[in-house]
Structures are given as C-alpha cells and as structure tokens.
Amino acid sequence: MNKSKQSFKVSQKRLKPAVEIRQQSSGKSQAKAQKTCSFCLDIEHGNRSSCPKYGALKPYVVEHNSQRMAILRQQLGDPKLHEVLRCPPEIESNILQREKSETPVQPWPIDAAHVTLKAVYLDCNVVATKTRFAPPPLTDSGNNIVAVQFLCRMGANPMVNSTTKNALFYYRAREVRDIICAKMTQKRLLFDCIERANKLG
C-alpha cells in the first residue's frame, strides 16, 4: 500500500524541458542586468557607484549616523559651522510673507528622495551691520535662513518651488533641523554643499 502511494507521488513531478530552463535562466539574467540605481532609480548604469549625479555630490554626503549629521540636527544655521551670508531682499520677502500669512512650512515633498543644503543667510529680522566699533549682531542661529534643494525620486533632478519658481526652498534653520530629524534615513541622503566656516571641516 505504501509503495503505491509513493509511486503516485513520483508520477506527479514534471521534468522541465530544456527550453523552459533556458527561458527561466534568461529571465533571471535580465532582471540582474536591469538592477536599479538606488540614488536616481536609473537602470542604465545599474548602481549608485556608477551614477554620475551621485558622483558629483558624493564629496558632500553626510552619513546617516555620523557626528556631522548629529551636529546638523542641533546646530544647523550656526555661524561656527557654515559661512552665513547677508539675506537677499527677495528671500527676505518670501520668508516674511509666509510668516505673516501664517502659511504652513513646506513639508518634505512627496516625490523627493534626497535633499541638498545650499546656503545659510542671516536672520532677515536682524540688521546685518558690522563696523570696527561693533561686532556682528548676535542672533538665535535657529532663526537664520537655509536654502535647500530637494532631489526628485525619479532621476534625482532638482524639484521646482512653485512659489519662487526656482529650484530652491527657504526655511528657518530650526525648520530644516526638524526635517533632518524626521525625514533623513539611510536611503534618503543629505548633502551639505554650504561653504564651511573658516574653510574648516
């Protein structure tokens, strides 16, 4: 009785034809060949190490668990970290208009994959004067303004700000700190392209 059951089970196994085996192997090879770049989702160069866009930004990447990332989460906007520029009138107008109207801060765009820090500007509510008799004004570094650039998920191209019509978004430094704390992961990359204070790393 046991022998009959065993022979029945064996008879149910189908031997795959050589053509089917070759097709399956070919499908696996094609899937392997079309590996997607984790940075820009391109399949032509296949991986991040071969991505020209990532290669251009690689010197500025801030590792997720690095000391630099921890510092930016707490001190972004501090003149000791970055060169702080005088705030241009158009950026000042953009920030003050948003705050006056109590418009919510632009959240992390749904189609964004990565973010680049581009510049830091002095708090536009502070008179940026400096003479040989007076030091530069002391400000809460969290109120300074940071220009950021979001990179699209597909293609890693800069996203356009619908308000300013360019590829930069402007926040208070404390708002960018919150974004870094809440949104940055090992897959979402942060690039710090701002000029360092006194050329120090």
Side-chain angles (χ1 to χ4, degrees), residues 31-85 87 91 95 98 104-123 138-161 164 166-201:
K32 185 176 181 181
Q34 293 184 345
K35 184 177 179 181
T36 303
C37 172
S38 62
F39 180 69
C40 70
L41 301 185
D42 196 307
I43 62 173
E44 291 188 6
H45 50 260
N47 56 64
R48 192 171 71 181
S49 61
S50 302
C51 179
K53 293 179 181 178
Y54 175 75
L57 289 170
K58 185 177 179 180
Y60 309 102
V61 68
V62 181
E63 298 297 336
H64 181 62
N65 293 320
S66 66
Q67 182 181 6
R68 184 71 182 176
M69 180 71 80
I71 292 173
L72 291 175
R73 286 178 179 139
Q74 299 179 6
Q75 302 178 37
L76 177 62
D78 192 324
K80 295 178 181 178
L81 294 180
H82 296 115
E83 180 181 349
V84 178
L85 307 174
C87 187
I91 298 177
I95 290 288
R98 188 195 77 192
V105 174
Q106 166 70 47
W108 181 279
I110 191 171
D111 293 326
H114 316 289
V115 65
T116 302
L117 306 178
K118 303 296 287 186
V120 177
Y121 300 101
L122 186 68
D123 178 6
L138 295 176
T139 66
D140 177 358
S141 62
N143 286 333
N144 288 337
I145 298 166
V146 180
V148 307
Q149 190 175 74
F150 293 105
L151 303 181
C152 295
R153 191 180 309 279
M154 294 294 297
N157 296 314
M159 302 187 72
V160 175
N161 187 331
T164 62
N166 62 36
L168 294 176
F169 295 73
Y170 300 101
Y171 297 86
R172 295 288 185 180
R174 63 175 180 274
E175 296 165 345
V176 182
R177 295 174 192 171
D178 291 341
I179 289 175
I180 294 174
C181 290
K183 296 297 184 179
M184 301 318 302
T185 65
Q186 291 183 344
K187 291 185 178 180
R188 286 177 175 164
L189 300 181
L190 172 67
F191 301 94
D192 182 6
C193 299
I194 305 174
E195 191 74 29
R196 301 290 180 90
N198 300 322
K199 310 296 182 180
L200 296 178

statement: One should read off an interatomic distance between Met159 CE and Leu151 CG, to the nearest 0.5 angstrom, of 9.5 Å

field: Results of side-chain hydrogen bond (donor to acceptor under 3.5 Å, both in side chains) for Arg174 - residues two or more places apart only
entry: Asn143

query: Partners of Gln74 by side-chain contact (heavy atoms from CB on, under 4.5 Å), sequence neighbours excluded?
result: none

query: Can you tell me how far the CD atom of Gln186 sits from the OG atom of Ser38, to the nearest 0.5 Å?
result: 11.5 Å

- request: Using side-chain contact (heavy atoms from CB on, under 4.5 Å) as the criterion, list what pairs up with Val160, not counting sequence neighbours.
  value: none

task: Would you mind reporting whether Glu63 and Val61 have side-chain heavy atoms less than 4.5 Å apart?
output: yes

statement: Sequence neighbours excluded, the answer for ring pair (Phe, Tyr, Trp, His ring centres under 6.0 Å) partners of Phe150 is Trp108, Phe169

Pairwise distance OH(Tyr170) to CD(Gln106) - rounded to 0.5 angstrom: 14.0 Å

field: Nearest non-hydrogen partners of Tyr171 and Ile95, listed with the distance
entry: N-CD1, 4.3 Å

message: Can you tell me how far apart CZ (Arg48) and NZ (Lys35) are? Round to the nearest 0.5 Å.
response: 10.5 Å

field: side-chain contact (heavy atoms from CB on, under 4.5 Å) against Ile180, all qualifying residues, sequence neighbours excluded
entry: Met69, Leu72, Arg73, Leu76, Val176, Met184, Leu190

Name every donor-acceptor pair, under 3.5 Å, that has one atom in a side chain of residues 109-118 and the other anywhere in the protein, sequence neighbours excluded.
from   : atom 1 : to     : atom 2 : distance (Å)
His114 : ND1    : Leu189 : N      : 3.0
His114 : NE2    : Phe39  : O      : 3.1

- prompt: Any side-chain heavy atom of Lys183 within less than 4.5 Å of one from Pro107?
  reply: no

task: Might you point out which heavy atoms bring Val62 and Ser66 nearest each other, and give the distance in Å?
output: CG1-OG, 3.7 Å

message: With heavy-atom distances below 4.5 Å as the criterion, would you say the side chains of Ser141 and His82 are in contact?
response: no

- request: State the NE2-NZ distance between His64 and Lys187, to the nearest 0.5 angstrom.
  value: 12.5 Å

message: Please check this pair: side chain of Asn144 against backbone of Ala173, looking for a donor-acceptor N/O pair closer than 3.5 Å.
response: no

- request: Give the minimum heavy-atom separation between Val84 and Gly77, together with the two atoms involved.
  value: CG2-O, 4.2 Å

- prompt: Less than 4.5 Å apart, any side-chain heavy atom of Pro158 and any of Asn166?
  reply: no

query: If every non-hydrogen atom of Ser49 is compared with every non-hydrogen atom of Asn47, which pair is closest and at what distance?
result: OG-OD1, 2.5 Å

field: Heavy-atom side-chain proximity of Arg172 to Asp123 below 4.5 angstrom
entry: yes

query: Could you give the distance from CZ (Arg188) to OG1 (Thr185), rounded to the nearest 0.5 Å?
result: 6.0 Å

